[in-house]
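Below: the structure, in C-alpha cells.
Below, chain A is the first sequence line, B the second, and so on; all start at residue 1. Heavy atoms only: backbone and side chains are in, while hydrogens, waters and symmetry mates are out.
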Amino acid sequence: MANQSDLMDKLTSLAKRRGFIFQSSEIYGGLGSTWDYGPLGVELKRNVKSRWWRDVVTAREDVVGMDAAILMHPRVWEASGHVEQFHDPLVDDRNTKKRYRLDHLLEAQDREVIEHLSKDLVDRPVEGNVDVHTITGIVEAIMDQADRVNLNDYGILADGKEADWTIPRQFNLMFKTFIGSSEESGVEAYLRPETPQGIFVNFLNAQATARAKLPFGIAQLGKAFRNEITTGNFLFRTREFEQMEMEFFVRPAETAEWLEYWSQARLEWYVALGIRRQKLRVRPHSQEELSHYSKATNDVEYEFPFGWGELEGIADRGTYDLDQHADYSGKKLTWFDPDTNEHIVPAVVEASAGVDRTVLTILTDAYHEEEAPKAGGEGVEQRVVLRLSPDLAPITVAVFPLVNRDGMPELARKIVDDLRGDFAASFDAGGSIGRRYRRQDEAGTPFGITVDGQTLEDQTVTIRDRDSMEQERVSIEKVKEYLRGKTG
RNA sequence: GCGGGUGUAGUUCAAUGGUAGAACACCAGCUUCCCAAGCUGGGUACGAGGGUUCGAUUCCCUUCACCCGCUCCA
C-alpha cells in the first residue's frame, strides 16, 4: 500500500498521466484550485452522477428531479441567509498568525479603543453603552476605507495582547457577477453557492406538476461556486464544484426519522460504489458546528490521507427555507394535508453530496500498489492498479491482439467494434501484452480481452480479471453475456 | 489573506552565471503466443514578468501555481 503521506501526490500524478484530472488553464500557469476532467475523468464523473440520479431519483417513486439555473434572483440569497452569513470581515495578527472576525474582535476591546475608532472613522462620539450598532458602524467604516485605516494605530488587542494587524479583508464567499452586458446598467447577481435554493423556490411548481404528496423529495445536480478562503487537497475543496442534492419534504413531526433514514441510505450508497466500509462513517454535528439553517446534521465522511473529510451532509433544515422564501417573496409556500385538512409548511431533510469529492474518494479508495509477477514468471515488480467498481470504471473492457500478426489485430478490432455501444470498450495494440495490461490497470479497466492463436481456431478469447489477473476462456459470442453478468 | 515549503520533458529526478541530462512514460517501425521484455528511430522542459550582468534555468524582486498549517464547507 502507498505511504499515506504521499498518496495524494501519487494520485494527482496518476490522474494527470492517465487523463483523469488536469489542472485548469495549465498552459497559462494554472488557475487556483480549479481542475478539469480529462477523457477518463469525465467518464468516471458521469458514471457517478448517473448512478446517483438512478438511485436517488429514477429508482424511487417518492423523488422527482429538476434542474434550476445557476443564476437566480438576488433576493433568493437574502432570504436564504447567504448574504448575511457569507460575508465576514477578517483580520490577521502577524504576531500569533491567528485570524479574527473584525466585529468579534472589536466587541472585546476597551471602551477607549472604540471611542477612538468611532471619533476617527465615524466622526461621532459613542453615546451610552457600546452596542451592536456602534460596532457595526465602525466595521463598515473600516471596510469602506480598509486601505487607509491602520488598525495598529488604535491599540486593538488580540486576546489581551499587543498585536500586529494586517489590513482587514472582506471575505465574500459568494461569487458576484453582473446580469446585463455593461456593468453600470447591469443587475448585480450571484453565482449560486449551493443548489437547493433552486428547489425551494420551485417547491410549488414541482410539487403541483408532479402531483406529489408528502413525504416526497426533489433532487437536482449541478455546479455551485464559493470563494473559499482556503482551498486545497486536490479536488476536495475547490471554488467551483458540483453538487448532488435532494430535498425531502416531510411533515414537521417526522424529520427525525427521515434524517436517520437518509443518513443510513446515503452511507450505504457509498458502500455500494465499492468504497471500503471501514473508511466511511456517519458523524453527527455538534451544536456549534450546525449551519444557520439546520437543527441537526449528520455528515457522511471518508478517511482521506489528510484526515476525515465530509462527502455528504444530511441535514434537518426544518421549515427554515420555505418560511424564509414565503416571507421574502410574499407567496404562500404551503402544502394542503388532506388527512388533517390543514395547510402546512413542510419541513425538509436534505441530503447534499459533492460530486468531485465522491470522485476523489473513489480514486483514493481504489488506488493500490502491489506486487505482480514479471515477464517470464521470474521475480516480482510493482504494479499500480485502480480497483474501480466495474460500474464506475471509465473503460469497462479493453481488447488486445496478443501479437500484431496472423489476423489477430483485425479480429480484435472486430470484437471491440461490436462491444462499443453496449460497453465502454477500448482497443490497444501498442507494446507488449504485459504493458497493455498494466496500462489498463492504472486506468482501472476491470476486464481485458485478448485474441490469441487459439481464438483463430475455436473463436474463444481470454478475459482477464484486473484484480486477480486470472484469465477465463470465453467464446466470442458469449462475451457480452459474460460482461453483463459482471456489471450493473 | 498570513506563515512555512516547492516550482527543470507526460511523470519522477539531476546538473550548471556561458542557455540542459537521465530513467520511466509516450509516438512510429521491427520483434514478441500472456503480465511495464528487446532492438531502431522520434518529439517534448527551466511556471510567468521584471531587474542585476557581456551573458540568468542558476542571483535579486514581483507574480502565478502546488503542498503543509490558520479558517470554511459539498
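Put simply, A/Y28 does not rest on the base of B/A48: the two rings are not both less than 5.5 Å apart at their centres and under 30° in tilt.
One interatomic measurement links the two molecules: CZ of A/R439 to C1' of B/A25, which rounds to 9 Å at whole-angstrom precision.
Nucleic acid contact for A/F234: sugar-phosphate only, since backbone atoms but no base atoms lie under 4.0 Å from a heavy atom of the residue. At the heavy-atom level, A/S13 lies under 4.0 Å from the strands shown only through sugar-phosphate atoms. Across all strands, A/L311 comes closer than 4.0 Å only to sugar-phosphate atoms, never to a base (heavy-atom distances). Nucleic acid contact class of A/R466 (heavy atoms, under 4.0 Å, all strands): none. Nucleic acid contact for A/M408: base, since at least one base atom lies under 4.0 Å from a heavy atom of the residue. The residue A/T462 sits close to a base: some heavy atom pair falls under 4.0 Å.
Here the options are A/L456, A/V416, A/D406, the test is side chain to side chain contact (heavy atoms under 4.5 Å, CB included), and the partner is A/L411; only A/L456 passes.
With a cut-off of 3.5 Å on both pairing distances, the Watson-Crick and G-U wobble pairs of RNA chain B assemble into stems of 3 or more at B:1-7 with B:64-70, B:10-13 with B:21-24, B:26-30 with B:38-42, B:47-51 with B:59-63.
Remark: A/R405 is in phosphate contact with B/U32, judged by side-chain N or O atoms under 4.0 Å from OP1 or OP2. Within the structure, a side-chain polar atom (N or O) of A/R435 is placed less than 4.0 Å from OP1 or OP2 of B/A37.
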